[in-house]
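Heads up: the structure comes next, in structure tokens.
The structure presented is a predicted model; accordingly, all values stated were derived computationally and were not measured.
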Amino acid sequence: MPVVAPSLLSADLFQLGAQVEQIEATAAQYLHVDIMDGHYVPNINFGDKIVGELQQHTHLTLDCHIMVDDPEQVIHDVAVAGGDILTFHPETSAHPYRQIQEIHRLGKKAGIAFDPGIAISTYADLLPIVDQVLVMTVSPGFGGQQFLPEMLNKIAQVKRIQQANQYQFDIEVDGGINNETGQQCVNAGANVLVAGSYVFKNGITPAVMALSQLQQE
């Protein structure tokens, strides 16, 4: 069964504390925190301050998706604040291999994210040293987008590489995930499902339950 990571991008910030408590009472294991700079993606959202505050009030794993240009300082600040998994887009960093090493030096798990337009082969040399591979199933930057079914082939490709080389990373998907598309992603090989709109607009408890019970068919 997959790990479910409700995305706070779709949360009601005025009800955030209560919503996090609701999530903690479900089978969800992660909180997905999107950090955006208004450059790499158009929106500006969250930062190390909210990561630090969340860390004090939840036992859930803080799964931080860093969508910024030149992410080195942001990654450091988010790690120090208490982020547990730090995932960045390797094309935003001048030295992505070194950045993964630095995340590990800080005692955190490191992930890389693939925009829909970037081939897995572009950063194949990073796969042996990461803890998570995030396949974006929409273009990054906005919540509520429609799932891109073409990304199922990319998920399956990552799964084949993982199995052929006995890599240990998780395969995460983010964008347009609901019960139906989540099942498709699990079938393709994903084991971490990020869901925002689906969780917060359809009832946190039933939505998380539905996603957490998906199994590969």
Side-chain angles (χ1 to χ4, degrees), residues 2-3 5 7 30 32-37 39-43 63-72 74-75 78-79 83-106 108-142 145-177 181-195 214 216-217:
V3 172
S7 174
Y30 292 1
H32 189 79
V33 185
D34 287 309
I35 297 167
M36 310 178 189
D37 65 351
H39 295 283
Y40 176 66
V41 290
N43 282 343
D63 178 35
C64 302
H65 180 191
I66 297 169
M67 292 172 274
V68 305
D69 284 331
D70 302 318
E72 285 73 15
V74 173
I75 286 173
V78 170
D84 297 300
I85 306 171
L86 281 66
T87 297
F88 68 102
H89 291 253
E91 71 272 21
T92 65
S93 174
H95 302 286
Y97 198 104
R98 181 189 303 164
Q99 188 57 63
I100 293 166
Q101 292 176 314
E102 177 63 12
I103 293 170
H104 286 151
R105 189 191 69 79
L106 291 164
K108 309 297 181 176
K109 290 186 176 182
I112 54 173
F114 286 89
D115 178 276
I118 294 181
I120 300 300
S121 59
T122 307
Y123 295 105
D125 289 347
L126 302 178
L127 297 180
I129 63 168
V130 297
D131 305 291
Q132 181 165 274
V133 173
L134 169 54
V135 178
M136 291 299 300
T137 45
V138 298
S139 292
F142 295 95
Q145 296 185 66
Q146 288 193 339
F147 180 83
L148 297 173
E150 298 84 359
M151 296 304 105
L152 292 170
N153 289 332
K154 185 177 284 188
I155 298 165
Q157 179 189 0
V158 174
K159 185 64 177 179
R160 288 193 297 271
I161 294 170
Q162 179 203 55
Q163 291 180 323
N165 296 278
Q166 297 184 323
Y167 295 150
Q168 299 302 308
F169 56 72
D170 289 315
I171 302 175
E172 183 175 57
V173 290
D174 181 6
I177 300 300
T181 59
Q183 182 66 69
Q184 294 171 346
C185 290
V186 169
N187 289 345
N191 69 305
V192 182
L193 304 177
V194 177
L214 296 175
Q216 195 167 43
E217 296 176 348

Might you point out which heavy atoms bring [X] and [Y] nearest each other, and give the distance in Å?
X      : Y      : result
Gly182 : Ile177 : CA-CG2, 4.0 Å
Val138 : Gly176 : CG1-N, 4.0 Å
Met36  : Val68  : C-CG1, 4.1 Å
Asp115 : Lys154 : O-NZ, 3.2 Å
Val194 : Ser7   : CG1-CB, 3.8 Å
Leu148 : Ser139 : CD1-N, 4.4 Å

Under the rule for side-chain hydrogen bond (donor to acceptor under 3.5 Å, both in side chains), what residues qualify as partners of [X], not counting sequence neighbours?
X      : value
Gln101 : none
Lys159 : Gln162
Thr92  : none
Thr137 : none

Any sub-3.5 Å donor-acceptor pair from [X]'s side-chain atoms to [Y]'s backbone N or O?
X      : Y      : result
Lys108 : Gly83  : yes
Gln168 : Gln166 : yes
Asn191 : Ile171 : yes

| After noting the C-alpha distance and the side-chain angles of Glu72 and Gln99, does the key distance pass the side chain to side chain contact (heavy atoms under 4.5 Å, CB included) rule? | CA-CA 7 Å; Glu72 285 73 15; Gln99 188 57 63; 2.8 Å; yes

| said: Restricting to ring pair (Phe, Tyr, Trp, His ring centres under 6.0 Å), what partner residues turn up for Phe169, sequence neighbours left out? | reply: Tyr167

| said: Enumerate the salt bridge (charged side-chain N to carboxylate O under 4.0 Å, His left out) contacts for residues 93-103, please, sequence neighbours excluded, ordered by first and then second residue. | reply: Glu102-Arg105

| task | Scan for salt bridge (charged side-chain N to carboxylate O under 4.0 Å, His left out) pairs involving residues 161-176, sequence neighbours excluded, and state none if there are none. | result | none

Donor-acceptor pairs are to be reported for all side-chain atoms of residues 122-131 against protein atoms at under 3.5 Å, with residues two or more places apart or in another chain.
from   : atom 1 : to     : atom 2 : distance (Å)
Thr122 : OG1    : Ala119 : O      : 3.1
Tyr123 : OH     : Glu91  : N      : 3.4
Asp131 : OD2    : His104 : NE2    : 2.8
Asp131 : OD2    : Ala110 : N      : 2.7

Partners passing side chain to side chain contact (heavy atoms under 4.5 Å, CB included) against [X] (at least two apart in sequence or in another chain):
X      : answer
Pro149 : Phe147
Val3   : Gln29, Tyr30, Val192
Glu217 : Gln183, Asn187

| Interatomic distance, Ile100 atom CD1 to Ser93 atom OG [nearest 0.5 angstrom] | 8.5 Å

| query | About how many Å separate CD1 of Ile120 and CD of Gln157, when rounded to the nearest 0.5 Å? | reply | 5.5 Å

| said: Show, in sequence, the C-alpha distance, side-chain angles and deciding distance for Ile112 and Phe88, and conclude whether the side chain to side chain contact (heavy atoms under 4.5 Å, CB included) test is met. | reply: CA-CA 5 Å; Ile112 54 173; Phe88 68 102; 4.3 Å; yes

| pair Val74-Asp37: side-chain heavy atoms closer than 4.5 Å | no

| So His89 and His65, would you call those rings parallel, tilted or perpendicular, with 30° and 60° as cut-offs? | parallel

| task | Apply the test side chain to side chain contact (heavy atoms under 4.5 Å, CB included) to residues Leu193 and Val173: give CA-CA distance (whole Å), side-chain angles for both, the deciding distance (0.1 Å), then the verdict. | result | CA-CA 5 Å; Leu193 304 177; Val173 290; 3.5 Å; yes

